[in-house]
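Report on one structure; see the data block that follows.
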Amino acid sequence: MLAAALLLCGPALGEPSERAGVGAIPYNEDGQSGVTFRVWAPNADAVGVAGTFNSWQPYANLLSPEGDGHFSIDLPSAEAGDGYKWIIINGGDTLWRNDPRARDLTNSTGHSIVVDPDAYQWSADGYVPPSWSEMVVYEMHVGTFGLEAGDDVPGDLSGAMAHLDYLESLGVNVIELMPMCEFPGEISWGYNPSYPFSVESTYGEPDTLKAFVDACHDRNIAVFGDLVFNHLGPNDMDLWQFDGWSPEPSYGGIYFYNDYRSYTPWGNTRPDFGRPEVRSFLQDNLRMWLDEYRFDGVRIDGVRWIRTVGFSGEEIPEGWSLLQWFNDEVNGSTPWKLMIAEDMDSNHWITRSTGEGGAGFDTQWDPYFVHPMRDAMVTVNDFDRSMLAVKDSISYQYNGAPFQRIIYTESHDEVANGRSRVPEEIWPGNAASWFSKKRSTLGAAVLLTSPGIPMLFQGQEFLEDGWFDDQVPLDWTKAETYSGILQLYRDLIALRTNKAGQTAGLAGPNLNVFHLNDTDKVLAWHRWDQGGEGDDVVVVANFKQQSWTNYRIGLPRGGTWKVRFNSDSIIYDDDYDDHPAWDVEAQPVPQDGLGWSADLSFGRYTTLILSQSTPCNGDANTDGTVDVDDVLMIISGWGSSDGDVTGDGNTGVDDLLLVLKQFGGCP
């Protein structure tokens, strides 16, 4: 047998490495440098490593068995940048395998590359991500995002990085990257990972991704990853029957279930969640993206296919415990990093704590928002639009916690697989129509004013049409063609993130949908955190092709309510009606269960956002404007405390100078 001959006649085996880690780990300590190679191959008779350091000789460097299925060696002749592969000896078979934990590969059918994970010099060391309640997420597919007109797919991280200033100006503060690990070929959504530890070679090298994260953090933009653990591959994947063993040809061997639990819609490649080495493989992968690449959170894809066998609903207990292990470990070490589940079963246990028996995720993608909202936007006849369904989509919560859900109207799943972008679905073949623009932006306004963590899909902000296709680049010309729509999204995001300091309530936990008119298709709701000026926000959404001049709704407080946003404004599109929407003074007339009310004016398929101004410096008479009346009040109170706007207890030159500086309308 070859293995026996190697052990007798081949290179002498030394002691296994005493250094930690699995894979290829460079070391430089105590005057010694090299690479520790360690691999798990419990059915191998012998294991070697071949690479550029030994001219790819398969038996020049044999690893020592550690007695637990692992083999290892410290190799001083190897260094970061070297190519390598494992040589697995199983009986009469010699198998050349890429490292399941390779940090880099030439491509999915090439060879592994040794990477020093500590070599990159980070620049954004002091970055702090936004609080979860303040996040606005932008889902990005690197292969189609960072391309210009005439460029061929796939794009790469350098192209995506060139558009970060655009995203900063849009106002989003989180980028969620669709899967970044090595997949077969050059074009994919990424949900077919061949090597979960390696950055897709077409997109860039490991340090390129780190530079992308660094550049995002420099712009105060967080980065989330998207990890696929419910299945692997199924193509270009050396994990399949990795060490030469499987109970039968249709099963995958040591990394996978080898019975009916192996089945998924994407191949018989569900990892064996009960096997300790596989659990550690997945856990280490999660930690790598969070620690080495400094991701600020991750989305775990297809959680339903981790916790259950599938459509039958049969549970996989070890899958559930693995999810709990993920979340407990992250909460124990980096609790500010957001753990997101894509389960799509509206299961409250997904975001309950592990102490309660839940999976422990921080938040989850919410089907209770996307489906009713898309129906409300796409439905042709106003009569058929359900305001109760919209109300329920705005109000829905998991476990009484408004930010335990990611809300959206477009995602990679919702704009493909037989579905299109919202403007396209509103009017197929005419996504630039008035109806498509009005109703899609109506939905965007509802999205960005509802409780939850809002998410956009790339290009949504400039009316990208058709459906998502990984072979079709994002059409950046639309950002110019529909620059008004783009401005509408910028304005909505600025309000959501309270850029002007007048809409803090949009990041608050509190909601009261106080007005529901299913006949006229008008809905209104109140958002707040602590309440008061600059905090309370009222949103009015008109889902009907009818404008209103005197539509009375309740208001939560007395005083002046200013229109911060009117989606019918002509600044957003020349075709819009520009129906007047004015500031109102709340009257002490009860309406909608509230003690105050006013008559509002708004256009067809339009959203208004109103709030009250915080106290304005220089507004001596507190009428909401700094004007001549304030100057006269200061003059009349000269030398006394009457008219004091600086807070020093005396009315004088400093007060007059402040009024002149602030002269004009208050925010």
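What you see is a predicted model; the values in this text were computed from it and never measured. Heavy-atom basis, side chains included; hydrogens, waters and symmetry copies ignored.
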Would you mind telling me which of E200, H141, E186 makes a side-chain contact (heavy atoms from CB on, under 4.5 Å) with P154?
E186
Checking Y203, F212, F145, W289 against L177 for side-chain contact (heavy atoms from CB on, under 4.5 Å), the one that qualifies is F212
Answer with yes or no after comparing the ring centroid distance for [X] and [Y] against a 6.0 Å cut-off, counting only values under it.
X: W40; Y: F242; value: no
X: W305; Y: F311; value: yes
X: F281; Y: F197; value: yes
X: H111; Y: W56; value: yes
X: F53; Y: F37; value: yes

State, yes or no, whether a side-chain contact exists between [X] and [Y] at a heavy-atom distance under 4.5 Å.
X: E318; Y: R279; result: yes
X: Q460; Y: R421; result: yes
X: R270; Y: I316; result: yes
X: P271; Y: F229; result: no
X: I254; Y: P42; result: yes
X: V199; Y: Y293; result: yes
X: T144; Y: F468; result: yes
X: C216; Y: I175; result: yes

Presence of salt bridge, E139 and R299, under 4.0 angstrom:
no
Approximate separation, where rounding is to 0.5 Å, of [X] [atom1] and [Y] [atom2]:
X: F326; Y: L290; atom1: CZ; atom2: CG; result: 10.5 Å
X: K210; Y: H217; atom1: NZ; atom2: NE2; result: 13.5 Å
X: T36; Y: L75; atom1: OG1; atom2: CG; result: 9.5 Å
X: D156; Y: M161; atom1: CG; atom2: CE; result: 9.0 Å
X: Q404; Y: W132; atom1: CD; atom2: CH2; result: 9.5 Å
X: D259; Y: Y251; atom1: CG; atom2: OH; result: 6.0 Å

Is it true that atom [atom1] of [X] has more than 12 heavy atoms of other residues, nucleotides or ligands lying nearer than 6.0 Å?
X: E66; atom1: CD; value: yes
X: Y368; atom1: OH; value: no
X: E277; atom1: CD; value: yes
X: E18; atom1: CD; value: no

May I ask you to check whether [X] and [Y] show a side-chain donor-acceptor distance below 3.5 Å?
X: T351; Y: N399; value: yes
X: N107; Y: S201; value: no
X: S411; Y: E414; value: no

Quick check: does any side chain N or O of [X] sit under 3.5 Å from a backbone N or O of [Y], one acting as donor and the other as acceptor?
X: H231; Y: S262; answer: no
X: S194; Y: F183; answer: no
X: N98; Y: S112; answer: yes
X: S450; Y: I394; answer: no
X: R38; Y: R19; answer: yes
X: D243; Y: N90; answer: no
X: E182; Y: S108; answer: yes
X: R405; Y: Y398; answer: no
X: T354; Y: G360; answer: no
X: T52; Y: D82; answer: no

Measure across [X] and [Y] and return the closest heavy-atom pair with its distance rounded to 0.1 Å.
X: N285; Y: P196; answer: ND2-O, 2.8 Å
X: N258; Y: P247; answer: OD1-CD, 3.3 Å
X: P193; Y: M237; answer: O-SD, 4.4 Å
X: M135; Y: L338; answer: SD-CD2, 4.1 Å
X: L322; Y: L282; answer: CD2-CD1, 3.8 Å
X: L447; Y: R496; answer: O-NH1, 4.1 Å

Angle between ring planes, H412 versus W189, binned at 30° and 60°: parallel, tilted or perpendicular?
perpendicular
Please work out whether the ring planes of W122 and Y120 are parallel, tilted or perpendicular, with thresholds of 30° and 60°.
perpendicular
Among Y138, W365, F457, exactly one meets ring-ring contact (aromatic ring centres under 6.0 Å, His included) together with Y408. Which residue is that?
W365
Check step by step if side chain to side chain donor-acceptor pair (under 3.5 Å) holds for T109 and D236.
CA-CA 6 Å; T109 58; D236 291 2; 5.3 Å; no
Derivation and outcome, side chain to side chain contact (heavy atoms under 4.5 Å, CB included), residues I406 and E342:
CA-CA 9 Å; I406 304 285; E342 190 245 359; over 6 Å; no
Intermediate values then yes/no, side chain to side chain contact (heavy atoms under 4.5 Å, CB included), V330 and D362:
CA-CA 11 Å; V330 173; D362 299 311; 6.0 Å; no
After noting the C-alpha distance and the side-chain angles of V422 and R374, does the key distance pass the side chain to side chain contact (heavy atoms under 4.5 Å, CB included) rule?
CA-CA 7 Å; V422 169; R374 283 179 72 100; 3.5 Å; yes
Evaluate the criterion side chain to side chain donor-acceptor pair (under 3.5 Å) for residue pair D214 and Y127; output intermediate values, then yes/no.
CA-CA 9 Å; D214 226 1; Y127 172 72; over 6 Å; no
Run the numbers on D99 and R101 for salt bridge (Lys or Arg N to Asp or Glu O under 4.0 Å), then give the verdict.
CA-CA 5 Å; D99 188 355; R101 292 175 179 254; over 6 Å; no
Between L63 and V49, does the side chain to side chain contact (heavy atoms under 4.5 Å, CB included) criterion hold? Intermediate values first, please.
CA-CA 7 Å; L63 281 63; V49 61; 3.9 Å; yes
